[in-house]
Amino acid sequence: MLQFLSRNKRLLFLLLLLAATLTLFARDIRGSGSPTFFDRALLVLATPPLKLTTSVFDGVAKLWRRYVALIHAERENEQLRSQRDALLVENQLLKEQARENQHLRELLTFKQRLPFRMIPAEIIGRDPTSWFKSIIIDKGSTDGVSQGAGVITPEGVVGRIIKVAPSSAHVLLLIDVNSNIDAVVQRSRARGIVVGTGETLCRLAYVQKTENIVEGDRVITSGLGGIFPSGILIGSVVTLRHDKGGFFQYIELQPAVDFSKLHEVFVVLSDRTGS
Amino acid sequence: MRGRRVVLFGIVGIVLLLVQMNIRIPFGYPGVRPDLILGLIVALAIFAPPWSGALLCWIFGLVLECLSGIHPGMGQIYYLVVLFFIQLLKRIFQFKSPGHVFALLCLAQVLKYGYILFLFLYVYEHTFSLKTFTQTWLFETMLTLPTALLVHETMSRLYPERKEPLFSRRLMYHGRYSK
(Lines give C-alpha, C1' and ligand atoms only; values in the text may rest on other atoms or scores of the structure.)
Protein backbone atom coordinates (compact mmCIF):
# COMPACT_ATOMS: atom_id res chain seq x y z
CA MET A 1 0.00 0.00 0.00
CA LEU A 2 2.77 2.39 1.06
CA GLN A 3 4.75 1.39 -2.00
CA PHE A 4 1.76 2.17 -4.21
CA LEU A 5 1.35 5.55 -2.53
CA SER A 6 5.01 6.52 -2.87
CA ARG A 7 5.11 5.33 -6.49
CA ASN A 8 2.03 7.31 -7.47
CA LYS A 9 2.38 10.32 -5.21
CA ARG A 10 2.30 12.82 -8.09
CA LEU A 11 -0.88 11.35 -9.47
CA LEU A 12 -2.44 11.26 -6.02
CA PHE A 13 -1.48 14.90 -5.43
CA LEU A 14 -3.11 15.91 -8.69
CA LEU A 15 -6.23 13.91 -7.84
CA LEU A 16 -6.35 15.56 -4.42
CA LEU A 17 -6.20 19.06 -5.95
CA LEU A 18 -8.89 18.15 -8.48
CA ALA A 19 -11.11 16.60 -5.81
CA ALA A 20 -10.81 19.72 -3.63
CA THR A 21 -11.65 21.95 -6.59
CA LEU A 22 -14.61 19.84 -7.68
CA THR A 23 -15.96 19.79 -4.12
CA LEU A 24 -15.96 23.60 -4.10
CA PHE A 25 -17.53 23.63 -7.56
CA ALA A 26 -20.26 21.18 -6.59
CA ARG A 27 -20.98 23.07 -3.38
CA ASP A 28 -21.57 26.24 -5.38
CA ILE A 29 -23.75 24.59 -8.02
CA ARG A 30 -25.86 22.94 -5.27
CA GLY A 31 -26.57 26.46 -4.10
CA SER A 32 -25.24 26.36 -0.53
CA GLY A 33 -23.63 29.74 -1.06
CA SER A 34 -22.88 30.55 2.58
CA PRO A 35 -19.22 31.48 3.08
CA THR A 36 -16.92 28.84 4.56
CA PHE A 37 -14.57 29.26 7.51
CA PHE A 38 -11.74 29.57 4.99
CA ASP A 39 -13.57 32.38 3.12
CA ARG A 40 -14.05 34.33 6.32
CA ALA A 41 -10.48 33.70 7.51
CA LEU A 42 -9.06 34.89 4.22
CA LEU A 43 -11.21 38.01 4.28
CA VAL A 44 -9.95 38.73 7.81
CA LEU A 45 -6.33 38.25 6.69
CA ALA A 46 -6.83 40.32 3.54
CA THR A 47 -8.47 43.30 5.24
CA PRO A 48 -5.34 45.05 6.70
CA PRO A 49 -3.23 44.79 3.49
CA LEU A 50 -6.26 45.86 1.44
CA LYS A 51 -6.78 48.92 3.63
CA LEU A 52 -3.09 49.71 3.33
CA THR A 53 -2.94 49.34 -0.45
CA THR A 54 -6.16 51.30 -0.89
CA SER A 55 -4.78 54.16 1.18
CA VAL A 56 -1.51 54.06 -0.81
CA PHE A 57 -3.37 54.08 -4.15
CA ASP A 58 -5.74 56.82 -2.94
CA GLY A 59 -2.77 58.84 -1.66
CA VAL A 60 -1.01 58.62 -5.02
CA ALA A 61 -4.23 59.55 -6.85
CA LYS A 62 -4.80 62.49 -4.49
CA LEU A 63 -1.19 63.62 -4.91
CA TRP A 64 -1.61 63.48 -8.65
CA ARG A 65 -4.95 65.32 -8.59
CA ARG A 66 -3.96 68.00 -6.12
CA TYR A 67 -0.28 68.66 -6.71
CA VAL A 68 1.04 67.26 -9.97
CA ALA A 69 -1.83 68.86 -11.90
CA LEU A 70 -1.15 72.09 -10.08
CA ILE A 71 2.55 71.97 -10.93
CA HIS A 72 1.45 71.84 -14.55
CA ALA A 73 -0.80 74.86 -13.99
CA GLU A 74 1.98 76.58 -12.16
CA ARG A 75 4.30 76.15 -15.13
CA GLU A 76 1.81 77.91 -17.37
CA ASN A 77 1.23 80.67 -14.86
CA GLU A 78 4.92 81.28 -14.17
CA GLN A 79 5.00 83.37 -17.32
CA LEU A 80 2.29 85.64 -15.91
CA ARG A 81 2.72 86.33 -12.20
CA SER A 82 4.16 84.27 -9.36
CA GLN A 83 1.66 85.67 -6.90
CA ARG A 84 -1.20 84.31 -8.94
CA ASP A 85 0.19 80.77 -8.46
CA ALA A 86 -0.22 80.88 -4.72
CA LEU A 87 -3.80 82.13 -5.07
CA LEU A 88 -4.61 79.38 -7.55
CA VAL A 89 -3.32 76.71 -5.19
CA GLU A 90 -5.31 78.14 -2.31
CA ASN A 91 -8.41 78.46 -4.45
CA GLN A 92 -8.12 74.87 -5.62
CA LEU A 93 -7.71 73.54 -2.08
CA LEU A 94 -10.67 75.57 -0.84
CA LYS A 95 -12.85 74.35 -3.70
CA GLU A 96 -11.90 70.76 -2.93
CA GLN A 97 -12.75 71.29 0.73
CA ALA A 98 -16.07 72.88 -0.18
CA ARG A 99 -16.94 69.96 -2.44
CA GLU A 100 -16.04 67.49 0.30
CA ASN A 101 -18.11 69.49 2.80
CA GLN A 102 -21.10 69.51 0.47
CA HIS A 103 -20.78 65.76 -0.12
CA LEU A 104 -20.62 65.02 3.62
CA ARG A 105 -23.66 67.23 4.24
CA GLU A 106 -25.61 65.32 1.59
CA LEU A 107 -24.63 62.00 3.16
CA LEU A 108 -25.71 63.20 6.60
CA THR A 109 -29.05 64.48 5.34
CA PHE A 110 -29.64 61.24 3.47
CA LYS A 111 -28.89 59.18 6.59
CA GLN A 112 -31.23 61.27 8.76
CA ARG A 113 -34.03 61.21 6.19
CA LEU A 114 -34.44 57.44 5.89
CA PRO A 115 -36.41 55.51 8.51
CA PHE A 116 -34.01 52.60 8.96
CA ARG A 117 -30.68 52.05 10.61
CA MET A 118 -27.62 52.33 8.39
CA ILE A 119 -23.89 52.56 8.85
CA PRO A 120 -21.50 54.27 6.47
CA ALA A 121 -18.67 52.21 4.99
CA GLU A 122 -15.70 52.86 2.77
CA ILE A 123 -14.58 50.74 -0.16
CA ILE A 124 -11.22 49.07 0.45
CA GLY A 125 -11.03 46.73 -2.54
CA ARG A 126 -12.62 45.89 -5.86
CA ASP A 127 -13.11 42.58 -7.65
CA PRO A 128 -9.73 41.34 -8.96
CA THR A 129 -11.35 39.79 -12.04
CA SER A 130 -12.94 41.47 -15.04
CA TRP A 131 -15.91 39.10 -15.17
CA PHE A 132 -17.56 39.70 -11.82
CA LYS A 133 -18.55 42.93 -10.12
CA SER A 134 -18.02 43.08 -6.37
CA ILE A 135 -16.37 45.32 -3.79
CA ILE A 136 -14.96 44.92 -0.28
CA ILE A 137 -16.01 47.42 2.40
CA ASP A 138 -14.36 48.26 5.73
CA LYS A 139 -17.32 47.31 7.97
CA GLY A 140 -18.03 43.79 9.18
CA SER A 141 -19.85 41.70 11.74
CA THR A 142 -18.42 43.70 14.68
CA ASP A 143 -20.25 46.74 13.26
CA GLY A 144 -23.50 44.78 12.95
CA VAL A 145 -23.24 43.92 9.27
CA SER A 146 -24.80 40.56 8.39
CA GLN A 147 -24.88 38.41 5.29
CA GLY A 148 -27.62 39.42 2.86
CA ALA A 149 -27.83 43.04 4.09
CA GLY A 150 -28.53 45.66 1.44
CA VAL A 151 -25.98 48.31 0.45
CA ILE A 152 -27.10 51.71 -0.87
CA THR A 153 -25.92 55.28 -1.52
CA PRO A 154 -27.92 58.52 -1.70
CA GLU A 155 -28.23 57.88 -5.47
CA GLY A 156 -29.70 54.37 -5.16
CA VAL A 157 -29.08 50.65 -4.74
CA VAL A 158 -25.48 49.39 -4.81
CA GLY A 159 -25.84 45.66 -4.04
CA ARG A 160 -25.95 43.19 -1.16
CA ILE A 161 -23.53 41.63 1.29
CA ILE A 162 -22.41 38.11 0.35
CA LYS A 163 -19.57 37.42 2.82
CA VAL A 164 -18.90 38.94 6.22
CA ALA A 165 -15.69 39.00 8.26
CA PRO A 166 -15.32 40.79 11.64
CA SER A 167 -13.95 44.01 10.14
CA SER A 168 -14.84 43.79 6.46
CA ALA A 169 -17.54 42.50 4.12
CA HIS A 170 -17.88 41.51 0.49
CA VAL A 171 -20.61 43.25 -1.54
CA LEU A 172 -22.07 41.79 -4.73
CA LEU A 173 -22.89 44.75 -6.98
CA LEU A 174 -26.25 45.26 -8.68
CA ILE A 175 -24.60 44.87 -12.12
CA ASP A 176 -22.99 41.47 -11.38
CA VAL A 177 -24.34 38.52 -13.36
CA ASN A 178 -25.30 36.78 -10.09
CA SER A 179 -27.38 39.71 -8.81
CA ASN A 180 -31.21 39.56 -8.65
CA ILE A 181 -33.35 42.19 -6.91
CA ASP A 182 -37.13 42.32 -6.68
CA ALA A 183 -38.32 45.64 -8.15
CA VAL A 184 -41.34 47.77 -9.02
CA VAL A 185 -41.80 50.39 -11.74
CA GLN A 186 -42.61 53.56 -9.78
CA ARG A 187 -45.25 54.95 -12.19
CA SER A 188 -47.21 51.85 -13.24
CA ARG A 189 -46.39 49.59 -10.24
CA ALA A 190 -45.46 46.79 -12.66
CA ARG A 191 -43.31 44.18 -10.94
CA GLY A 192 -40.19 42.47 -12.15
CA ILE A 193 -36.71 41.34 -11.17
CA VAL A 194 -33.63 43.44 -11.82
CA VAL A 195 -30.91 41.13 -13.12
CA GLY A 196 -27.24 42.11 -13.49
CA THR A 197 -25.61 41.55 -16.85
CA GLY A 198 -21.95 42.11 -15.98
CA GLU A 199 -21.88 45.41 -17.87
CA THR A 200 -22.95 48.96 -17.07
CA LEU A 201 -26.66 48.31 -17.72
CA CYS A 202 -29.06 45.91 -15.95
CA ARG A 203 -32.16 44.12 -17.18
CA LEU A 204 -35.63 44.27 -15.73
CA ALA A 205 -36.83 40.72 -16.32
CA TYR A 206 -40.23 39.00 -16.09
CA VAL A 207 -42.34 42.10 -16.84
CA GLN A 208 -45.41 41.00 -18.80
CA LYS A 209 -46.17 42.52 -22.20
CA THR A 210 -49.49 43.81 -20.91
CA GLU A 211 -47.75 46.10 -18.42
CA ASN A 212 -47.47 49.80 -19.25
CA ILE A 213 -43.78 50.77 -19.32
CA VAL A 214 -42.17 53.74 -21.10
CA GLU A 215 -38.57 54.87 -21.49
CA GLY A 216 -37.44 56.98 -18.57
CA ASP A 217 -39.63 55.15 -16.02
CA ARG A 218 -37.96 54.91 -12.62
CA VAL A 219 -37.54 51.45 -11.12
CA ILE A 220 -37.45 51.12 -7.32
CA THR A 221 -37.04 48.31 -4.79
CA SER A 222 -40.27 46.49 -3.89
CA GLY A 223 -39.27 45.72 -0.31
CA LEU A 224 -40.02 42.04 -0.84
CA GLY A 225 -37.24 39.66 0.05
CA GLY A 226 -36.31 41.64 3.15
CA ILE A 227 -32.95 42.84 1.79
CA PHE A 228 -33.85 46.40 0.83
CA PRO A 229 -36.54 48.68 2.23
CA SER A 230 -39.14 49.56 -0.39
CA GLY A 231 -38.79 52.70 -2.49
CA ILE A 232 -35.03 52.85 -3.01
CA LEU A 233 -34.17 53.87 -6.56
CA ILE A 234 -32.49 51.17 -8.67
CA GLY A 235 -32.37 52.87 -12.07
CA SER A 236 -34.38 54.13 -15.00
CA VAL A 237 -35.58 52.43 -18.18
CA VAL A 238 -33.37 53.20 -21.19
CA THR A 239 -34.31 50.48 -23.70
CA LEU A 240 -37.67 48.88 -24.24
CA ARG A 241 -38.53 46.13 -26.74
CA HIS A 242 -41.56 43.97 -27.43
CA ASP A 243 -40.21 40.84 -29.13
CA LYS A 244 -42.69 38.73 -31.08
CA GLY A 245 -42.31 35.53 -29.08
CA GLY A 246 -42.60 35.13 -25.33
CA PHE A 247 -44.67 36.66 -22.57
CA PHE A 248 -42.26 39.27 -21.30
CA GLN A 249 -40.89 42.65 -22.39
CA TYR A 250 -37.19 43.25 -22.92
CA ILE A 251 -36.23 46.16 -20.64
CA GLU A 252 -32.78 47.60 -19.99
CA LEU A 253 -32.06 49.87 -17.03
CA GLN A 254 -29.41 52.48 -16.41
CA PRO A 255 -28.45 52.02 -12.73
CA ALA A 256 -28.85 55.16 -10.62
CA VAL A 257 -25.41 54.60 -9.10
CA ASP A 258 -22.22 55.22 -11.06
CA PHE A 259 -20.20 52.19 -9.92
CA SER A 260 -16.92 53.52 -11.27
CA LYS A 261 -17.08 56.50 -8.90
CA LEU A 262 -18.14 54.70 -5.72
CA HIS A 263 -16.19 55.63 -2.59
CA GLU A 264 -18.60 55.54 0.34
CA VAL A 265 -21.72 53.43 0.77
CA PHE A 266 -24.33 52.73 3.46
CA VAL A 267 -25.13 49.26 4.77
CA VAL A 268 -28.79 48.81 5.72
CA LEU A 269 -28.81 47.10 9.12
CA SER A 270 -32.53 46.82 9.83
CA ASP A 271 -35.82 48.32 8.74
CA ARG A 272 -36.65 49.63 12.21
CA THR A 273 -36.41 53.27 13.14
CA GLY A 274 -34.30 54.12 16.11
CA SER A 275 -31.36 52.65 17.90
CA MET B 1 17.00 27.60 -2.42
CA ARG B 2 14.19 26.08 -4.47
CA GLY B 3 11.78 26.40 -1.51
CA ARG B 4 12.77 30.02 -1.04
CA ARG B 5 11.95 30.77 -4.67
CA VAL B 6 8.54 29.15 -4.33
CA VAL B 7 7.86 31.31 -1.27
CA LEU B 8 8.97 34.34 -3.29
CA PHE B 9 6.49 33.38 -6.02
CA GLY B 10 3.81 33.24 -3.32
CA ILE B 11 4.66 36.69 -1.97
CA VAL B 12 4.79 38.20 -5.47
CA GLY B 13 1.39 36.59 -6.17
CA ILE B 14 -0.18 38.19 -3.09
CA VAL B 15 1.27 41.62 -3.97
CA LEU B 16 -0.02 41.28 -7.54
CA LEU B 17 -3.49 40.35 -6.27
CA LEU B 18 -3.59 43.43 -4.04
CA VAL B 19 -2.47 45.63 -6.93
CA GLN B 20 -5.06 43.98 -9.20
CA MET B 21 -7.80 44.78 -6.68
CA ASN B 22 -6.87 48.45 -6.45
CA ILE B 23 -5.86 49.28 -9.99
CA ARG B 24 -8.27 51.61 -11.80
CA ILE B 25 -8.18 51.87 -15.56
CA PRO B 26 -9.51 55.31 -16.56
CA PHE B 27 -10.47 54.22 -20.10
CA GLY B 28 -12.29 51.33 -21.77
CA TYR B 29 -14.82 49.07 -20.05
CA PRO B 30 -15.50 49.88 -16.40
CA GLY B 31 -14.26 47.22 -14.00
CA VAL B 32 -12.07 45.47 -16.56
CA ARG B 33 -8.52 44.95 -15.29
CA PRO B 34 -5.42 43.01 -16.34
CA ASP B 35 -4.96 39.45 -15.08
CA LEU B 36 -1.54 39.96 -13.49
CA ILE B 37 -1.62 36.49 -11.91
CA LEU B 38 -1.64 34.92 -15.37
CA GLY B 39 1.94 36.13 -15.99
CA LEU B 40 2.95 34.51 -12.72
CA ILE B 41 1.20 31.25 -13.64
CA VAL B 42 3.07 31.12 -16.96
CA ALA B 43 6.34 31.79 -15.11
CA LEU B 44 5.45 29.03 -12.61
CA ALA B 45 4.73 26.61 -15.46
CA ILE B 46 8.06 27.33 -17.11
CA PHE B 47 10.40 27.71 -14.15
CA ALA B 48 8.99 26.25 -10.94
CA PRO B 49 9.02 22.55 -9.98
CA PRO B 50 5.79 21.00 -11.37
CA TRP B 51 4.08 20.01 -8.14
CA SER B 52 4.89 23.01 -6.00
CA GLY B 53 3.89 25.10 -9.05
CA ALA B 54 0.54 23.30 -9.21
CA LEU B 55 -0.04 23.81 -5.50
CA LEU B 56 0.75 27.54 -5.74
CA CYS B 57 -1.54 27.80 -8.75
CA TRP B 58 -4.35 26.18 -6.82
CA ILE B 59 -3.79 28.50 -3.85
CA PHE B 60 -3.79 31.60 -6.10
CA GLY B 61 -7.08 30.43 -7.63
CA LEU B 62 -8.57 29.89 -4.18
CA VAL B 63 -7.48 33.30 -2.88
CA LEU B 64 -8.79 34.96 -6.04
CA GLU B 65 -12.21 33.34 -5.61
CA CYS B 66 -12.36 34.32 -1.92
CA LEU B 67 -11.64 37.98 -2.72
CA SER B 68 -13.96 38.16 -5.70
CA GLY B 69 -17.52 37.34 -6.72
CA ILE B 70 -16.13 34.50 -8.83
CA HIS B 71 -17.76 31.05 -8.50
CA PRO B 72 -15.86 28.54 -6.36
CA GLY B 73 -13.53 26.33 -8.35
CA MET B 74 -13.49 28.58 -11.43
CA GLY B 75 -10.13 30.25 -10.79
CA GLN B 76 -8.38 27.12 -9.61
CA ILE B 77 -9.47 25.03 -12.59
CA TYR B 78 -8.49 27.73 -15.09
CA TYR B 79 -5.03 28.32 -13.61
CA LEU B 80 -4.36 24.58 -13.22
CA VAL B 81 -5.42 23.90 -16.81
CA VAL B 82 -3.10 26.67 -18.06
CA LEU B 83 -0.23 25.35 -15.92
CA PHE B 84 -0.59 21.72 -17.02
CA PHE B 85 -1.11 22.70 -20.64
CA ILE B 86 2.12 24.71 -20.68
CA GLN B 87 3.96 21.93 -18.87
CA LEU B 88 2.72 19.54 -21.53
CA LEU B 89 3.85 21.89 -24.32
CA LYS B 90 7.22 22.21 -22.58
CA ARG B 91 7.90 18.56 -23.41
CA ILE B 92 7.73 19.40 -27.12
CA PHE B 93 8.79 23.07 -27.36
CA GLN B 94 11.19 25.33 -25.55
CA PHE B 95 9.93 28.71 -24.32
CA LYS B 96 12.91 31.00 -23.98
CA SER B 97 12.19 34.27 -25.75
CA PRO B 98 9.57 36.88 -24.76
CA GLY B 99 7.88 36.14 -28.11
CA HIS B 100 7.26 32.55 -27.04
CA VAL B 101 5.86 33.69 -23.71
CA PHE B 102 3.64 36.20 -25.50
CA ALA B 103 2.27 33.34 -27.61
CA LEU B 104 1.63 31.31 -24.44
CA LEU B 105 -0.22 34.24 -22.87
CA CYS B 106 -2.37 34.60 -26.00
CA LEU B 107 -3.16 30.89 -25.80
CA ALA B 108 -4.05 31.20 -22.11
CA GLN B 109 -6.42 34.09 -22.88
CA VAL B 110 -8.09 32.09 -25.66
CA LEU B 111 -8.53 29.22 -23.19
CA LYS B 112 -10.05 31.67 -20.71
CA TYR B 113 -12.57 32.92 -23.28
CA GLY B 114 -13.77 29.40 -24.07
CA TYR B 115 -13.79 28.29 -20.44
CA ILE B 116 -15.72 31.26 -19.01
CA LEU B 117 -18.12 31.33 -21.95
CA PHE B 118 -18.85 27.63 -21.41
CA LEU B 119 -19.48 28.17 -17.69
CA PHE B 120 -21.67 31.24 -18.24
CA LEU B 121 -23.73 29.56 -20.96
CA TYR B 122 -24.11 25.97 -19.80
CA VAL B 123 -23.24 25.72 -16.10
CA TYR B 124 -24.51 28.92 -14.48
CA GLU B 125 -26.85 30.07 -17.29
CA HIS B 126 -26.19 33.76 -16.69
CA THR B 127 -27.95 36.61 -18.48
CA PHE B 128 -25.31 38.38 -20.56
CA SER B 129 -24.69 39.66 -24.06
CA LEU B 130 -22.08 37.83 -26.15
CA LYS B 131 -20.97 41.13 -27.67
CA THR B 132 -20.20 42.68 -24.29
CA PHE B 133 -18.60 39.44 -23.12
CA THR B 134 -16.27 39.43 -26.14
CA GLN B 135 -15.47 43.13 -25.77
CA THR B 136 -14.68 42.63 -22.08
CA TRP B 137 -12.41 39.73 -22.99
CA LEU B 138 -10.68 41.71 -25.74
CA PHE B 139 -10.06 44.66 -23.46
CA GLU B 140 -8.83 42.40 -20.67
CA THR B 141 -6.52 40.64 -23.15
CA MET B 142 -5.19 43.99 -24.33
CA LEU B 143 -4.34 44.92 -20.74
CA THR B 144 -3.16 41.46 -19.69
CA LEU B 145 -0.69 40.68 -22.48
CA PRO B 146 1.86 43.46 -21.82
CA THR B 147 1.50 43.47 -18.02
CA ALA B 148 1.61 39.67 -17.65
CA LEU B 149 4.63 39.59 -19.97
CA LEU B 150 6.33 42.11 -17.70
CA VAL B 151 5.51 39.99 -14.63
CA HIS B 152 6.86 36.89 -16.37
CA GLU B 153 10.06 38.62 -17.46
CA THR B 154 10.64 39.90 -13.90
CA MET B 155 10.14 36.43 -12.45
CA SER B 156 12.37 34.84 -15.07
CA ARG B 157 15.31 36.88 -13.71
CA LEU B 158 15.05 34.77 -10.56
CA TYR B 159 15.58 31.57 -12.52
CA PRO B 160 18.89 31.62 -14.38
CA GLU B 161 18.92 29.26 -17.31
CA ARG B 162 20.32 25.84 -16.44
CA LYS B 163 22.66 23.87 -18.67
CA GLU B 164 21.32 20.55 -19.88
CA PRO B 165 22.73 17.69 -17.75
CA LEU B 166 23.99 15.95 -20.86
CA PHE B 167 26.02 19.03 -21.80
CA SER B 168 27.43 19.22 -18.29
CA ARG B 169 28.51 15.60 -18.55
CA ARG B 170 30.12 16.28 -21.92
CA LEU B 171 31.92 19.25 -20.43
CA MET B 172 33.12 17.05 -17.58
CA TYR B 173 34.40 14.23 -19.81
CA HIS B 174 35.53 16.09 -22.91
CA GLY B 175 36.19 19.61 -21.71
CA ARG B 176 33.71 21.09 -24.24
CA TYR B 177 29.94 21.22 -24.90
CA SER B 178 29.87 19.85 -28.45
CA LYS B 179 30.86 16.29 -29.41
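All figures in this text were calculated on a predicted structure; none of them were measured in a lab. Just so it is clear: chains get the letters A, B, ... in the order the sequence lines come, proteins before strands, and each one is counted from 1.
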Side chain, backbone, both or neither: which part of [X] has an atom under 4.5 Å from a heavy atom of chain A?
| X | value |
| --- | --- |
| L36(B) | neither |
| K112(B) | side chain |
| W58(B) | side chain |
| I116(B) | side chain |
| N22(B) | both |

Taking side chain as C-beta onward, heavy atoms only, is [X] less than 4.5 Å from [Y]?
| X | Y | result |
| --- | --- | --- |
| V158(A) | F259(A) | yes |
| R203(A) | Y250(A) | yes |
| T47(A) | K51(A) | yes |

Please determine whether the number of non-hydrogen atoms from other residues, nucleotides or ligands lying under 6.0 Å from atom CZ of F85(B) exceeds 12.
no
Counting only heavy atoms not in F84(B), do more than 12 sit closer than 6.0 Å to its CZ atom?
yes
Establish, yes or no, whether a centroid distance under 6.0 Å links the rings of F120(B) and F133(B).
yes
Relative to chain B, which segment of [X] carries a heavy atom at a distance below 4.5 Å: side chain, backbone, both, or neither?
| X | answer |
| --- | --- |
| T197(A) | both |
| T200(A) | side chain |
| I175(A) | neither |
| I136(A) | side chain |

Option that, when pairs with chain A are counted at under 4.5 Å, heavy atom only, ranks first among Q20(B), H126(B), Q135(B):
H126(B)
Can you tell me which of V19(B), D35(B), L55(B), L17(B) forms the most heavy-atom pairs within a distance under 4.5 Å of chain A?
L55(B)
Heavy atoms only, distances under 4.5 angstrom: which of L16(A), V195(A), T54(A) has the most pairs with chain B? Name it, please.
T54(A)
Among L50(A), L172(A), L52(A), who wins on heavy-atom pairs under 4.5 Å with chain B?
L50(A)
Please find the pair of heavy atoms, one from V101(B) and one from L149(B), that lie closest to each other, and give the distance.
CG1-CD1, 3.7 Å
Quick one: do D182(A) and R191(A) make a salt bridge, cutoff under 4.0 Å?
yes
Can you classify the ring geometry of F118(B) versus Y122(B) as parallel (below 30°), tilted (30 to 60°) or perpendicular (above 60°)?
tilted
